[in-house]
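Note sheet for the following structure.
In the text below, chain A, chain B and the rest are named by the order of the sequence lines, each starting its count at 1. No experiment lies behind these values; they were computed from the predicted model shown.
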Amino acid sequence: MRVRELLRQAFAPRSGRIQAVILPVAAVLAALGVGSVMIALAGFKPLEIYASMAVAAVGTPQGLGVSVTNAIPLILAGLGVALPFRCGLLNIGGEGQIYVGALFATLVGLGLHGLPLAVHLPLALLAGFIGGGIWGAIPGFLRASRGLSEIIVTIMLNYIGFWIVSYLVHGPLKDPESYGYSWTMKVPVTAQLPIILPEARIHLGIVVALLAACVAHYLLWHSVPGFEMRAVGAGAQTARFAGIRVGRSTVLSMFIGGGLAGLAGTSVILGVQYRLSDFFSAGYGFTAIAVALVGRTSPVGVVFAGLFFGGLLNGVNNAQRSVGIPMGIALSLQGLILLFMIAGQSPALIRWLRKRRTARRVGHAQPAVLLD
Amino acid sequence: MWVTLSQLFFSIDFLAASVRFAMPLASASVGEIISERSGIVNIGLEGMMLAGALGSMMGAYYLDDPWLGLLCGMAAGAIVAAIHAFVVITLAADQVVSGAALNIAMLGLTNFIYRAVYGIEERPIVAHFEPVAVPVLSKIPVLGPVFFNQIPLVYLTYGLVIAAAIFIGRTRWGLEVQAVGEHPRAADSVGIGVSRVRYLTVIACGLLAGMAGTFFSLGQLHTFIEGMTGGRGFIVLAVVIVANWSPTRAALAALMFGAAEAVGLRIQALNVGIPYQLALAFPYLLTLAVYIGLAGRSRMPRALGMAYVKD
């Protein structure tokens, strides 16, 4: 009956619509509450700060544009965490995958000449996906073949990927005509993501991100490989008994996850900065973890969570420039939101709530992620 | 080439630097081992080390004494660990995600507190630890200057490693920790308080992570810099696995990684034609290589990463 149990788990309802919204909102509010204490202790007025952040993030077309532009890499990298998470893997390697993906895309952007945009841009995007995918597939492969923790391997690859890019942009790939900064030459227009909404300066990357979310949704819920990934996430042993090739699902989910993170880095280079540097990723790979879990690791949820965090980053940036609040508040809030998310869906808390209100069902278990 | 290589590896300075870089890893890995032996993974080590680095720097700044600074740093690490303990033991939430969340939060919070208190002006240089030569022992050729002419925190770590090895293997409490990490239900049935033991081990881990962080602020740079632990907390996670959860082996593994860091710095200083970025990547590459090579041989505590909920 193992197989039936497995099927039941894999096809279990994705989570109640209402709590899929209530839990993240409650976690965000709780984190903002703690954050307001921090802000007050630092000598600022929390309500004023939050209000100015909200205005900066969504108050004007330009501000909204910046928020959405921030959200593009966050949605992509968030999908890159969410997909492997469904397969029982925690991808902390987004930062490295972002850098390596951006490197591959930059190489194709700078290396090919005389192609029309319709050919050059897709090639550069594909290269970014493959670069990140390779950086993600390595820990997937090591986990599948040798049982190594993807957590430790992805973290080491973060540093290695970053230093490789750092070396290249300070050395062989450095634009000889730029003196102040170490970065590459500008990618040609044919490899750039064009601006599609000029007033808000939003580039084509938003379409790429939304398409990626649709593909991820289809893959996860309507395809055989996605079903196998979820089955592995629900229980690798059981999945193996059911004849699913666990190793293949592990490598595939990490390749796609890494590829999506690679696209995230690519979108920043081809859509905003146009030059590869070793300082372009503002910790997107780590924020991606918060994005994925606040979006409850569903592609649709990730889109909304990405937009929220894009706005949050924009608001904090603005508050830093105008009143000098330290940038650390952004990461603090992200960490707190994450903590409240997992605390809010913790089995112990759920049991306690059930005891109080036995009639209502609360929460659903996430696949367990283990270090081994 | 060979001349520079010999300069690299056969100098007292290089070996002493290896020990200096290794000891924060050793003290943090002792903490992680105690926690993991009781079944709790603490990915948040990096965040706790950062908390310790800032806490000890602020303690030394206001109290003007490195030892009081150390106590503040350890307390800061323990507070963060207590949050982890509450979330994963009492609430039984996912240990890995909780640790990752704490890392992100502490990276931000330490930046926030430092900036809020000290602004963006010059970094304050605070009361710190200076190397102290141990009488007699420091006179031993080679070994003396390498091991016994260090800051006091290093000597503290030597004692810590030995004490932890005895504690885990040879004391009643140590065996209780192991029982809780191997088979919590069985431990519970013979009257060991699983949650109590786990709370204590996680907080002990936080204390030692705070001490590890103090090496960076009060031992090396004498101030605080954002993200100054630079991923060593994650290297420790690998150290613990390749050391097969043994404190003495972890100390040896830490020495190897300390040497890798010293090699990286040497390569930079000697200017032998290897780009400095690749030299700085070397410790992480070595960690990965050793982890790939040795991890298959270790056996983790059976209940590692699993919440224990009483029926």
Nearest 0.5 angstrom please: B:Ile104 CD1 to A:Leu338 CG, how far? 5.5 Å
Is A:Ile329 in contact with chain B via its backbone, its side chain, both, or neither, using a 4.5 Å heavy-atom distance? both
Heavy-atom pairs under 4.5 Å with chain A: which of B:Ala281, B:Ala116, B:Gly47, B:Ala307 has the most? B:Ala281
B:Arg123 atom CZ: more than 12 heavy-atom contacts under 6.0 Å: yes
Is the number of heavy atoms from other residues, nucleotides or ligands under 6.0 Å of B:Tyr62 OH greater than 12? yes
Could you look at A:Ala343 and say if it's the side chain, the backbone, both or neither that has a heavy atom under 4.5 Å from chain B? both
Count the heavy atoms belonging to other residues, nucleotides or ligands that lie under 6.0 Å from CZ of A:Phe141, then report whether that count exceeds 12. no
Most heavy-atom pairs under 4.5 angstrom with chain B, which of A:Leu41, A:Asn158, A:Leu339? A:Leu339
Is it the side chain or the backbone of B:Leu278 that comes within 4.5 Å of chain A heavy atoms, both, or neither? side chain
Please classify the contact between A:Ile337 and chain B as side chain, backbone, both or neither, with a heavy-atom cut-off of under 4.5 Å. neither
Quick one: CD1 on A:Ile39 to CZ on B:Phe112, what's the gap to the nearest 0.5 Å? 6.0 Å
Nearest-0.5 Å distance that lies between atom OG in A:Ser145 and atom CD1 in B:Ile292: 9.0 Å
Cut-off 4.5 Å, heavy atoms of chain A, and the answer for B:Thr90 is backbone
Atom group of A:Leu157 that falls short of 4.5 Å from chain B, counting heavy atoms: side chain
Would you indicate whether the side-chain heavy atoms of B:Gln277 and A:Ile164 approach each other to under 4.5 Å? no
What is the ring orientation for A:Tyr159 with B:Tyr284, classed by angle as parallel under 30°, tilted 30 to 60°, or perpendicular over 60°? parallel
Given a strict heavy-atom distance threshold of 4.5 Å, which part of A:Leu142 is in contact with chain B: side chain, backbone, both, or neither? side chain
One option among B:Leu102, B:Val117, B:Asn111, B:Val87 has the most heavy-atom pairs under 4.5 Å with chain A, and it is B:Asn111
Quick check: closest heavy atoms across B:Ala93 and A:Ser346, and the distance to 0.1 Å? CB-CB, 3.9 Å
Say you draw a straight line from OG of A:Ser149 to CG of B:Leu237; how long is it, rounded to the nearest 0.5 Å? 8.0 Å
Contacting moiety of A:Met38, where chain B heavy atoms sit under 4.5 Å: both
Chain A contact via B:Ile83 - which portion, at a heavy-atom distance below 4.5 Å: side chain
Contacts of type side-chain contact (heavy atoms from CB on, under 4.5 Å), residue B:His183, not counting sequence neighbours: B:Arg185, B:Ala186
Inter- and intrachain pairs under salt bridge (Lys or Arg N to Asp or Glu O under 4.0 Å), touching residues 83-93 of chain B, at least two apart: none
Which of the residues B:Gly230, B:Ala100, B:Gly119 is involved in the greatest number of heavy-atom pairs with chain A at under 4.5 angstrom? B:Gly230
Enter the distance from A:Ile160:CD1 to B:Leu285:CG here, rounded to the nearest 0.5 Å. 4.0 Å
Heavy-atom pair count under 4.5 Å with chain B, highest-scoring of A:Ser166, A:Gly43, A:Ala330: A:Ser166
In this structure, CD of B:Glu226 is separated from CE of A:Met327 (nearest 0.5 Å) by 12.0 Å
Are any non-hydrogen side-chain atoms of B:Phe234 and A:Ile152 less than 4.5 angstrom apart? no
